[in-house]
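Have a look at the structure below, then the notes.
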Amino acid sequence: MPAAEKSIDPITFEVVRNKLQAITEEQAITLKSVSGSPVVTEATDFNNGLYLADGSIVTMGPQVLFHTGTMSSVIRSINENFAENPGIREGDMFILNDPYRGAIHQPDVSIVAPVFHAGRHVAWAGSCAHQLDVGGMSFGSWAIGATEIQQEAMLLPGVKIVEGGVLRQDLWQMIMGMTRLPHMLGLDLKAMIAANNVAARRLVELMDRYGGDTVETIMREEIASSERQMRQVLATLPDGVFRARDYIEHDGHENVLYQVCVTAIKKGDSLTLDMTGTSPQAPGFINCTASGMRGAALTGLLPILAPRIRWNEGILHAVDFVAPEGILCNASWPAPISSGTISTAWIVQNVVVAALSRMVAFSPDNRNEGQAVTKGHMMVMTLAGKDRDGAPFGTFLLDSTAGGGGAFPDHDGLDGSGDYCVPRPAIANVEANEANGPFLYLFRSFVRDTGGPGRQRGGAGTALAIAPYGTSGLQAMMLGHGVEVPNSIGQFGGLPGACGRNFRVVGAGSVEQIVGLAGNLDEMLASGVEELGPKPGRMPLTSHDILGYAFQGGGGYGDPLKRRPEAVRNDVLDGHVSHEAAHAQYGVVIRDGELDIAATEKARDAIRSRRLAGRVPARRPGNGEMRLGAGRFSCSCGCDLGSASENWKERALSYRVEPDAYGPHIRTHVELELREHVCPDCGSLLEAEVVRKGDASLATVLLETEEGGEIGNRPSRRPTAAVAA
């Protein structure tokens, strides 16, 4: 502990810092107890935190990490714009949902409260929660046809909703007049106000007991301690450049392909995340602003680089961001933003996870913190209309958070893991959602062959179908991405998890006939399915129709041919992998529930030979993936892949594969292709890449070596061969 804090004894320090985290937990309990929205109470799409007076994060909850990362930007915006007029005073609270002033998108509304002790502004308490509707051109405020932000929803720049402890009725009634669900929005906003009141009261009580200076010093030291620990972790990792990119296949207007790129540059004890190479901002609503990018990047790096560090502002002190203005993840006014959280911000999270997982892979102490991408897409379904009693109804289903978890180097991804951005995931029970609205679930279940194949398998994705019930019909809206892009990319030879899928069955029959289909997915889909694509938009749904969607599985880790045959057999017996996929992806042959070892060895040899364009492998494959030694990369079989400061793919055998080679759940946009990069000696798969046609393969890992030499974006010296696998 620095000399200035030596007067604080260790016991007091531990008591106070743990009490700060307990206050944040009590904030969350209060918000959930007061809110009536299933988005908050069931799906936990919210977060809380405590902040220094300048907006620095002190504590954050384990709910949606996007929110805490952006609330610091919200507070800084209020400090910058309203400290003098109207002023920040005790008993005030400010409400903000403007993405250009710190929010991630308009439905994620933040209410922040300054905390005063002995007349001095010492901290902020903040709460953010997704709202079912904040106005605009569409229910749910997902403005699929928008061309500018003014069309999307109400924009609250940080107005003082509570002044001197009194709710401002003029502003309250204005806000309630712009939403289609004032009873829901009103209760949620009051829940956030209550949560902030609890946090402010508890923090003042803590300062009264231990002294304001003591508590504030501990808050600052918490941040400083996390920065020191973060820099210590970075210092142990190899210096170098680590890249990743991902794609979005539709902007809300046209079927246009966009890309998000990150170059993670690690030098000493600092990290730079450079988003250069990302597509220019879109005319549609998929963009995010700098605050959304920052919150998404923080979400991606925390579990990988800081799993044992207190999560606060100190971690970000070791990270610099580079993002040219006017790109997809740093959009300029007035670009529409309403889908940014589930589109571009989601993809920023994906690429940060992929790049940093490649970084830690070459650190023996940290390699197991990396993973393949967890459910790389998000799909939204909103339902609106009349409830069973004729009253207005609207909801936002968050079952789509139950995709598959990305695999790790030492264990499989979790089936139905929940989203990467939610460390404490939850989805509503089917019965709870049915009780809240006029519809029935026909099924909600895991889907076979959706987890990305690998030495460690990606987690299985899920799917569901619903039908209106107790009402003549509903207005539905679906939007997202990842139907024609395998966003859940694997690592070091692991294959991507399944793509998402949106489907509808029109005129499926009477209510009784539809209910009779419940649980029978095969029969349901055989009745005439309409594939809806990545952004179906708004559609009527009668009581004779079925609407469903499936969610991406997690990416795999390592070459699938290196998975233990016994593990593949168990996957087949458990229903997660089909016999066909076991043979095609894993080279495992199962007859009558038992392994055929001889046939399996033959099948795996055939796959390796196919990868080598018919050649017999010159070496037997090893059990791992790429290795680093003496400044050079090698395959686990011993094949030299060149200097670690050069692009190893230039020494690999590379070729194109068709999407159906990865099974029926993988689809690619017309501008995308899949490429495999394999060891030229043993045929081990080193990377499965999703890439725009005509673009060079990405130099994913370039390390500084003792032999020196500049590392960076060197052009490929050898074009990718267009050979079908």
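Side chains are part of it too, since the values below use all heavy atoms of this structure and drop only hydrogens, waters and symmetry mates. We number each residue from 1, following the sequence as shown. These numbers were taken from a predicted model, which means no experiment stands behind them.
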### Query
How far does NE2 of H253 sit from CD1 of I144, to the nearest 0.5 angstrom?
9.0 Å
### Exam field: side chain S488 to backbone G553, donor-acceptor pair closer than 3.5 Å
yes
### Query
Does R424 reach the side chain of Q63, with side-chain heavy atoms less than 4.5 Å apart?
yes
### Task
Go through T41 and S35 one step at a time and tell me if the side-chain contact (heavy atoms from CB on, under 4.5 Å) criterion holds.
CA-CA 7 Å; T41 60; S35 170; 4.2 Å; yes
### Query
Does R563 come within less than 4.0 Å of D571, counting only side-chain N to carboxylate O?
yes
### Query
Would you say the side-chain atoms of R388 pair up with the backbone N or O of G437, donor to acceptor, closer than 3.5 Å?
yes
### Check: I337 and E152 side chains under 4.5 Å, non-hydrogen atoms
yes
### Message
Suppose we call two aromatic rings close when their centres sit under 6.0 Å apart. Are W142 and F285 close by that rule?
### Response
no
### Task
Using atom types as modelled and distance alone, determine if a side-chain donor or acceptor of D545 lies under 3.5 Å from a backbone N or O of V506.
no
### Residues E671, R692: salt bridge by 4.0 Å N-O rule
yes
### Message
Is there a side-chain contact between H576 and R448 in this structure, where contact means two heavy atoms from C-beta onward sitting under 4.5 Å apart?
### Response
no
### Close side-chain approach of I347 to H481, heavy-atom, < 4.5 Å
yes
### Summary
Here the gap from M71 atom CE to I104 atom CD1, rounded to the nearest 0.5 Å, amounts to 11.5 Å
### Message
For a side-chain contact (heavy atoms from CB on, under 4.5 Å) check, start with the C-alpha distance between D419 and W346, then their side-chain angles and the critical distance, and finish with the verdict.
### Response
CA-CA 10 Å; D419 288 326; W346 206 274; 3.2 Å; yes
### Task
Locate the shortest heavy-atom distance separating P99 from T289; write the atom from each residue and the value.
O-OG1, 2.7 Å
### Task
Mind listing the closest non-hydrogen atom pair of P486 and I666 along with its distance?
CG-CG2, 4.0 Å
### Query
Is the gap between the ring centers of F46 and H130 under 6.0 Å?
no
### Task
Indicate yes or no for a side-chain donor-acceptor contact from K375 to the backbone of G404 under 3.5 Å, with no hydrogens or angles considered.
no
### Side-chain touch Q475/P540, heavy atoms, less than 4.5 angstrom
yes
### Task
Quick one: closest heavy-atom pair of V483 and M379, and the distance?
CG2-CE, 4.1 Å
### Query
With a 4.5 Å limit on heavy-atom distance, are the side chains of L189 and W172 in contact?
yes
### Message
Taking the side chain as everything from C-beta on, heavy atoms only, tell me whether T395 gets closer than 4.5 Å to N436.
### Response
no
### Task
For the residue pair N350 and N487, confirm or rule out a side-chain donor-acceptor distance under 3.5 Å.
no
### Message
Given 3.5 Å as the limit, does a donor-acceptor pair link the side chain of Q552 with the main chain of V485, or not?
### Response
yes
### Heavy-atom check, side chain of I427 versus side chain of L398, under 4.5 Å
no
### Query
So, the side chain of T668 versus the backbone of P659: is there a donor-acceptor pair under 3.5 Å, distance only?
no
### Verdict with reasoning, L156 to I175, per side-chain contact (heavy atoms from CB on, under 4.5 Å)
CA-CA 9 Å; L156 304 170; I175 292 169; 4.1 Å; yes
### Task
Hey, could you give me the CG/SG distance between L31 and C128, rounded to the nearest 0.5 Å?
9.5 Å
### Task
Tell me, yes or no, whether the heavy-atom count around K32 atom NZ, taken from other residues, nucleotides or ligands under 6.0 Å, exceeds 12.
yes
### Message
To the nearest 0.5 Å, what is the distance between CG on L541 and CG on L383?
### Response
7.5 Å
### Task
Output yes when a side-chain donor or acceptor of H105 lies under 3.5 Å from a complementary backbone atom of S338, and no otherwise.
yes
### Task
Would you confirm whether N287, through its side chain, and A335, through its main-chain N or O, come within 3.5 Å as a donor-acceptor pair?
no
#### Entry: Check: F443 ring centroid to Y441 ring centroid under 6.0 Å
no
### Query
Do Y258 and D251 have side-chain atoms, one donor and one acceptor, less than 3.5 Å apart?
yes
#### Entry: Where V380 and Y549 come nearest, the two heavy atoms and their spacing
C-CE1, 4.5 Å
### Query
With under 30° as parallel and over 60° as perpendicular, where do the rings of Y100 and W333 fit, or are they tilted in between?
perpendicular
### Query
Taking all non-hydrogen atoms of both residues, which atom of P468 and which atom of G473 are closest, and how far apart?
CB-CA, 4.5 Å
### Task
Please answer whether the main-chain N or O of T179 pairs with a side-chain N or O of D133 as donor and acceptor at a distance below 3.5 Å.
no
### Query
Given the rule in the side-chain contact (heavy atoms from CB on, under 4.5 Å) test, do V572 and N570 qualify, once you have shown the distances and angles that lead to the verdict?
CA-CA 5 Å; V572 171; N570 291 339; over 6 Å; no
### Task
Kindly compute the distance separating OG (S110) from CE (M192), expressed to the nearest 0.5 Å.
7.5 Å
### Task
Provide the closest heavy-atom pair for A282 versus L328 in the form atom of the first, atom of the second, distance.
N-CD1, 3.8 Å
### Message
Main chain of V657, side chain of E673: is a donor-acceptor contact present, judged purely on distance under 3.5 Å?
### Response
no
## Note on the structure
Here the gap from S339 atom OG to I248 atom CD1, rounded to the nearest 0.5 Å, amounts to 8.0 Å
### Query
Are a donor atom and an acceptor atom from the side chains of N48 and H67 found within less than 3.5 Å of each other?
no
### Criterion salt bridge (Lys or Arg N to Asp or Glu O under 4.0 Å) on E689 and R245, from CA distance to verdict
CA-CA 10 Å; E689 184 177 19; R245 66 184 165 200; 3.6 Å; yes
### Query
So is R501 actually on top of F503's ring, under 6.0 Å and inside 45° of the axis?
yes
